[in-house]
Amino acid sequence: MRVGILGVLLVAFGCASWSTAQAQARLCDKPRQMDGFKTCADVEKAEAEGEVVLYSTDPEQGQVKLLAAFRQLFPKIKTSYVRLQAGALYAKLLSERQAKSYLVDVMQISDMGMVLDFQRRGGYRQYVSPEMAAFKKAYKSEPEGFWTWGAIIMAGIAYNPNNVPAAEAPKTWEDLLDPKWTDAVNVKVSNSGLQHGVWYTLRPLLGADYFKKFAAIKPRAFDSYVQQYGRLIDGQDKIIMGAQYSGYIEFKAKGAPLAFVFPQTGVPTVPQTWGIIKDGPHPNAAELLMDWFLSPVGQKAYADALLLHSPREDVPPPGNGLSLKEMKLLVPDDWNAFEKDRPQFAKEWDRIVGARR
């Protein structure tokens with residue numbers, strides 16, 4: 001059945017047949033060895049295209065660093081990006097494709113529901129990078145080559161020890177329900193894939209009433225973890241619920257007064273997912289970027305730029321952060337159910353945070 005459905009999608013998006021997709025998915029017989037990675041891309045054609053465009057949910061300062069690392073190896077290829085929160089980014093992409101405006105080559109997005117939806121729409125171009133062999137099956141699309149996890153993100157609890165003594169700080173998710181945290185907690189908006197992951201993985205463990213009670217402390221919602229940690233540092237808020245661990249590592253390295261809690265229940269975890277966009281304007285440059293990014297050198301550059309954990313076991317954790325093996329990760333076990341849950345989550349989360357931005 002999967003073959004039949006995918007075949008229909010491929011025809012609808014301009015592919016001749018399922019067999020054509022299979023042919024496109026074959027790994028090249030002799031990938032070219034570059035400086036630290038292997039590629040099946042035509043490097044000369046990629047350099048002739050001269051540009052690659054990325055849509056991403058990553059903060060701008062990290063995105064700039066990552067693409068600068070790529071340009072050091074390929075100075076003939078100009079890089080540009082658009083940064084938006086997951087929901088807004090995906091809406092922009094779908095709107096462009098409906099208008100038959102193909103502006104982007106590669107997309108990074110943090111919501112697996114959107115990833116699966118886009119795959120069903122036939123929006124990804126299948127390309128099996130030689131670097132994908134180092135990624136677990138669970139971290140790749142089925143069939144392989146449409147999308148791959150580029151990083152793993154986890155969410156815990158963060159606070160400023162200058163404003164919240166360690167003895168009084170929350171140690172569990174349930175501690176956040178204490179009325180003393182009213183008007184003192186911030187979260188992300190409902191467009192955030194990580195915030196959806198927090199909702200989806202904690203509700204079965206803490207009970208359906210947990211977030212109803214959480215609403216009583218009147219959390220404030222923000223678009224970016226940079227805003228969240230900024231408010232913690234300057235004392236506007238005391239706690240981040242669902243705090244992105246990479247953000248903590250980043251600001252802690254700069255000397256910010258922060259502490260991070262890994263509740264015993266576990267830390268909600270979602271991926272940053274990367275894929276090449278079908279009908280993108282620079283297909284060869286897109287393949288080259290993807291091969292570099294999925295390699296140890298690209299993953300190390302990503303970790304250095306954004307302090308995110310790599311799915312590759314041969315890439316060390318970023319900064320002075322804990323390794324994945326040292327955490328109790330709560331990962332959604334059914335991404336299709338996760339996708340179907342999004343409308344309910346968005347409705348309930350918007351109600352919880354209201355217009356408090």
Side-chain angles (χ1 to χ4, degrees), residues 57 59 85-88 110-111 153-166 168-248 250-251 256-270 330 332 338 341-357:
T57 63
Q85 193 56 266
S110 55
D111 191 302
I153 307 174
M154 57 295 301
I157 300 171
Y159 66 94
N160 184 338
N162 289 345
N163 299 324
V164 179
E168 300 177 14
K171 307 298 189 299
T172 69
W173 295 110
E174 292 89 341
D175 288 346
L176 293 173
L177 303 181
D178 192 315
K180 71 181 180 181
W181 304 124
T182 300
D183 290 320
V185 176
N186 75 48
V187 296
K188 278 190 175 181
V189 296
S190 61
N191 276 346
S192 165
L194 182 58
Q195 196 66 67
H196 185 200
V198 170
W199 162 278
Y200 187 84
T201 57
L202 289 184
R203 284 184 74 208
L205 299 174
L206 304 180
D209 290 339
Y210 175 81
F211 285 106
K212 294 179 181 178
K213 296 175 182 178
F214 180 68
I217 68 169
K218 301 179 181 179
R220 297 178 174 88
F222 296 93
D223 176 77
S224 167
Y225 77 74
V226 175
Q227 295 171 287
Q228 291 181 285
Y229 279 103
R231 292 178 64 88
L232 214 61
I233 293 166
D234 64 21
Q236 293 182 75
D237 296 320
K238 294 181 178 180
I239 303 291
I240 301 176
M241 188 277 189
Q244 187 164 320
Y245 185 49
S246 62
Y248 163 77
E250 174 185 337
F251 283 95
L258 293 171
F260 197 91
V261 177
F262 292 86
Q264 187 175 4
T265 304
V267 287
T269 304
V270 298
L330 303 176
F338 180 79
D341 179 70
R342 168 160 280 284
Q344 178 189 358
F345 159 70
K347 180 180 178 180
E348 290 298 316
W349 200 249
D350 289 345
R351 181 188 62 77
I352 288 170
V353 302
R356 302 175 67 87
R357 301 287 169 84

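Nearest heavy-atom pair, V270 versus G197, reported as atom, atom and distance to 0.1 Å: CG1-CA, 3.9 Å. Among all heavy-atom pairs drawn from S190 and A346, the shortest one is CB-CA, 4.0 Å. For the residue pair F345 and S192, the shortest heavy atom distance occurs at CE2-O, 4.5 Å. N162 approaches N160 most closely through the heavy-atom pair N-OD1, 2.9 Å. The two residues S110 and T57 make their nearest non-hydrogen contact at OG-OG1, 3.9 Å. Residues A155 and L194 come closest through the heavy atom pair CB-CD1, 3.9 Å.
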Dump the intermediate steps for side chain to side chain contact (heavy atoms under 4.5 Å, CB included) on K238 and W181, then the final yes or no.
CA-CA 8 Å; K238 294 181 178 180; W181 304 124; 4.3 Å; yes
Let's go through Y229 and E250 carefully: what are the C-alpha distance in whole Å and the side-chain angles of both, what is the deciding distance for side-chain hydrogen bond (donor to acceptor under 3.5 Å, both in side chains) to 0.1 Å, and is it a yes or a no?
CA-CA 10 Å; Y229 279 103; E250 174 185 337; over 6 Å; no
Could you go through the side chain to side chain contact (heavy atoms under 4.5 Å, CB included) check for D341 and R203 one step at a time?
CA-CA 12 Å; D341 179 70; R203 284 184 74 208; 4.3 Å; yes
Begin from the C-alpha positions of T265 and T172 and carry the test side chain to side chain contact (heavy atoms under 4.5 Å, CB included) through to its verdict.
CA-CA 8 Å; T265 304; T172 69; 5.8 Å; no
May I have the step-by-step check of side chain to side chain contact (heavy atoms under 4.5 Å, CB included) for V198 and M241, ending in yes or no?
CA-CA 9 Å; V198 170; M241 188 277 189; 3.7 Å; yes
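Put simply, the side chain of P268 reaches to within 4.5 Å of the side chain of L202, judged on heavy atoms. Between P170 and I239, some side-chain heavy-atom pair lies under the 4.5 Å cut-off. Side-chain atoms of V189 and D350, non-hydrogen and from C-beta on, never get closer than 4.5 Å to each other. A 4.5 Å side-chain heavy-atom check between V187 and I240 finds every atom pair outside the cut-off. Taking 4.5 Å as the limit, every side-chain heavy atom of I217 sits out of range of all side-chain heavy atoms of P179. Put simply, the side chain of I153 does not reach to within 4.5 Å of the side chain of Y225, judged on heavy atoms.
In this pair, W199 and W349 present their aromatic rings perpendicular. The plane angle is above 60°, beyond the 30 to 60° band.
Taking the ring centroids of F262 and Y245, they lie under the 6.0 Å cut-off. The distance between the ring centers of F214 and W173 does not fall below 6.0 angstrom.
Checking side-chain atoms of R220 against main-chain N and O of V353 turns up no donor-acceptor pair under 3.5 Å. Side-chain N or O atoms of D234 include one that pairs as donor or acceptor with a backbone N or O of Q236 at under 3.5 Å. No donor-acceptor distance shorter than 3.5 angstrom exists from the side chain of D111 to the backbone of A86, with no hydrogens or angles considered. Looking at D178, its side chain never comes within 3.5 Å of a backbone N or O of D175 through a donor-acceptor pair. For Q227 (side chain) and S224 (main-chain N/O), a donor-acceptor pair under 3.5 Å exists by modelled atom type.
We find the CD-CD distance between Q344 and E348 to be 6.0 Å, quoted to the nearest 0.5 Å. The CZ atom of F338 sits 8.0 Å away from the OH atom of Y200 when rounded to the nearest 0.5 Å. Atoms CG and CG, on D237 and N186 in that order, are 4.5 Å from each other to the nearest 0.5 Å.
Checked by atom type, the side-chain pair H196/N191 shows no donor-acceptor distance below 3.5 Å. The closest side-chain donor-acceptor pair between K171 and Q264, if any, does not fall under 3.5 angstrom.
Heavy-atom neighbours of K180 NZ from other residues, nucleotides or ligands within 6.0 Å: above the threshold of 12.
Among Q244, Q85, Q195, the one residue that satisfies the side chain to side chain donor-acceptor pair (under 3.5 Å) test with K188 is Q244. With F211 as the partner, the side-chain contact (heavy atoms from CB on, under 4.5 Å) test is satisfied by one option alone out of L206, I352, L177: I352.
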